[in-house]
J.: 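Pasting a structure here, questions to come.
Predicted model, so just to flag it, every value in this text is computed and none were measured. Proteins come first, then strands; the chains are lettered A, B, ... in the order of their sequence lines, and each starts at number 1.
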2 protein chains.
Amino acid sequence: MTFHPFSQTLINPSPEENLIPSLSVDCVILGFEDDQLKVLLIQHHGGPKDGEWALPGDFVHKNIDLESMPYEVLKRLTGIEDIFVDQFGAFGACERVDYRRIITIGYYALISPGKYELKIGNGAKKVQWFAVDRVPCLIFDHNELVEAAIRQLQMDLDIKPIGNNLLPEEFTLTQMQKLYEAILGEKQDTRNFRRKIANLKILKETGKVDDSAPHRAPKLYQFDQSKLK
Amino acid sequence: MTFHPFSQTLINPSPEENLIPSLSVDCVILGFEDDQLKVLLIQHHGGPKDGEWALPGDFVHKNIDLESMPYEVLKRLTGIEDIFVDQFGAFGACERVDYRRIITIGYYALISPGKYELKIGNGAKKVQWFAVDRVPCLIFDHNELVEAAIRQLQMDLDIKPIGNNLLPEEFTLTQMQKLYEAILGEKQDTRNFRRKIANLKILKETGKVDDSAPHRAPKLYQFDQSKLK
DNA sequence: GCAAAAGTGTTGTACGTACACCCATGG
DNA sequence: CCATGGGTGTACGTACAACACTTTTGC
């Protein structure tokens, strides 16, 4: 197999003839940890972008549906498949990739960091979570993609089961509020937030509390899967 | 130049080596006429889809930004450039095109039918407006693209200057209401609609009326360009 | 008893919705 | 004078924004 300047992120790169060389998929994988929205980045190992940080991605495979591609990328990085993924745009300026004409389709994915063990593909030196307001300079237009993904996530926040994918199985309302604040980038009023969530009627109490902290123990909730439209 | 199975819509097809053969752009060109939302379709002439109806589109040109491609398509069909265009998604199921793997990026465009003279490209038999609820069976997944474009348009209706592009320079509030009804697919209450539009403060009276009809002459309005956010 | 976070209500305002009649005009 | 479409107001309910104090617990 010849060196492939863009498949640095692959664990099992496909033979080049199975790829569409001018069309890639990039994934903005978002997670919520330490009250912060984080994005999963990989550091290239070898190739023209050695040492630089980038979104995980891949060329579109000729025999795989476009919409399945982000799951392929995620499977290689995390070993999981049943996650929330949404397309947020196609990016295709002539000079977005400096050495070749490549159009990319951006997807964002929502997972819980820590729930999965990350694998480092061949072509990658490191895989690491970064807070979205501490993202380093990325290759190509990847910083733009991160911003576009977050804008889309903000718009989807009220109409898609975002929390269900970014929060642990059981969580407190304070955690959920922190998640909303991280996504929207602004503080929320506690009383208004709780009323709004209550009106959605998508949570149910577990009956348990989180008594790991040294003060009043908050109630734990979970999503009522039957009520997520 | 060899025959190119997909560039039926081109007036001046580019040499094949300037195209990205696995990546196309399709345009859902929408207009408003006779109180109906209409979409512009072309009928293929020659090639594997001879006689069938399709969205106008083109392969992505290697030396043209992706986001400029819909303008290229529109320029060939209508000779105009300054119109509203928005990307609504990338479509890439393996079997969406029956004879080859082609991913397409969908754009919708808004123009006033009748304002422009349509050109018939070589590769096309006809160019024709169809009411969106009377769209014939189209090639590939183009019917899906039309529906996706309209869904996107519905979501954009309140946040983008849709009317500014689909209505004539001067128009009545009834016309505008009919446009909203056509896009949303449901009747609007006249009083509520007028109050809503008034609250937006994006229109100004022209002082003129339309006295072409045999009853009370409605006032003519225009968009106040300085107030379109 | 205090620090630290959980939890809780009221009020005003803005917006959506439902609903019916008079007005102006041309023929 | 009548048919046709233009134009207008009120009342209600819901949703959001602003705002501060009490409760529980571990130490």
J.: Could I get the full list of salt bridge (Lys or Arg N to Asp or Glu O under 4.0 Å) partners for B:Glu181, not counting sequence neighbours?
T.: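 In terms of salt bridge (Lys or Arg N to Asp or Glu O under 4.0 Å), with neighbours along the sequence ignored, B:Glu181 is linked to B:Lys187.
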J.: For chain A and DNA chain D, what are the first and last nucleotides along the strand, 5' to 3', with at least one atom under 4.0 angstrom from a heavy atom of the protein chain?
T.: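 In short, chain A contacts DNA chain D from D:dA17 to D:dG26.
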J.: Round to a whole Å and report the spacing from CD of B:Glu186 to P of C:dA18.
T.: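 Nearest whole value for this atom pair: 10 Å.
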J.: Which residues pass the side chain to side chain donor-acceptor pair (under 3.5 Å) test with A:Asp210, not counting sequence neighbours?
T.: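 Partners of A:Asp210 under the side chain to side chain donor-acceptor pair (under 3.5 Å) test: A:Ser212.
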J.: Could you identify which residues of residues 172-184 of chain A place a heavy atom less than 4.0 Å from some atom of DNA chain C, listed by residue number, or say none?
T.: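 A:Thr174 - these, ordered by number, are the residues of the stretch whose heavy atoms sit under 4.0 Å from the strand.
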J.: Write down the distance between CZ (A:Phe171) and C1' (C:dA5), rounded to a whole number of angstrom.
T.: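 The answer, rounded to whole Å, is 18 Å.
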J.: Any chance the rings of B:Phe171 and B:Phe223 have centres within less than 6.0 Å?
T.: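 Ring-ring flag for B:Phe171/B:Phe223: true, centres closer than 6.0 Å.
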J.: By salt bridge (Lys or Arg N to Asp or Glu O under 4.0 Å), which residues pair with B:Glu72, not counting sequence neighbours?
T.: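 Here the qualifying residues are B:Lys75.
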J.: Which residues pass the side chain to side chain donor-acceptor pair (under 3.5 Å) test with A:Lys208, sequence neighbours left out?
T.: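 Expected list: A:Glu170.
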J.: Name the residue closer to the 5' end of DNA chain D, choosing between A:Arg191 and B:Thr190 according to the nucleotide with the nearest heavy atom.
T.: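 The residue whose closest nucleotide sits nearer the 5' end is B:Thr190.
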J.: Figure out the CG/P separation between B:Asp210 and C:dA24, and round it to whole Å.
T.: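 Rounded to whole Å, this separation is 18 Å.
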J.: Just to verify, what does A:Asn165 make a side chain to side chain donor-acceptor pair (under 3.5 Å) with, not counting sequence neighbours?
T.: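 Expected list: none.
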J.: What residues form a salt bridge (Lys or Arg N to Asp or Glu O under 4.0 Å) with A:Asp224, not counting sequence neighbours?
T.: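 Only A:Lys227 meet the salt bridge (Lys or Arg N to Asp or Glu O under 4.0 Å) criterion with A:Asp224.
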J.: Whole-Å distance between C:dA6 C1' and A:Glu205 CD?
T.: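 About 13 Å, once rounded to whole Å.
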J.: Once side chain to side chain donor-acceptor pair (under 3.5 Å) is applied, do any residues pair with A:Gln225, and if so which ones, sequence neighbours excluded?
T.: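 A:Asn164.
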J.: Check DNA chain D against residues 211-220 of chain A and give the residues with a non-hydrogen atom under 4.0 Å, in numerical order.
T.: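 Those residues whose heavy atoms fall under 4.0 Å from DNA chain D, taken from residues 211-220 of chain A in numerical order, are A:Pro214, A:His215, A:Arg216.
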J.: Could you check A:Tyr221 against A:Arg195 and say which one's nearest nucleotide on DNA chain C is further toward the 5' end?
T.: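 Result: A:Tyr221.
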J.: Holding to salt bridge (Lys or Arg N to Asp or Glu O under 4.0 Å), I want the full list of residues that pass it with A:Glu33, two or more places apart in sequence or in another chain.
T.: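 For A:Glu33 the salt bridge (Lys or Arg N to Asp or Glu O under 4.0 Å) partners, ignoring immediate neighbours, are A:Lys38.
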J.: Who are the side chain to side chain contact (heavy atoms under 4.5 Å, CB included) partners of B:Gln152, not counting sequence neighbours?
T.: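 Expected list: B:Asp86, B:Phe88, B:Tyr108, B:Asp156.
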J.: Should the pair A:Asp189-A:Arg195 be classified as a salt bridge under the 4.0 Å nitrogen-to-oxygen rule?
T.: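 So A:Asp189 does not pair with A:Arg195 through a salt bridge.
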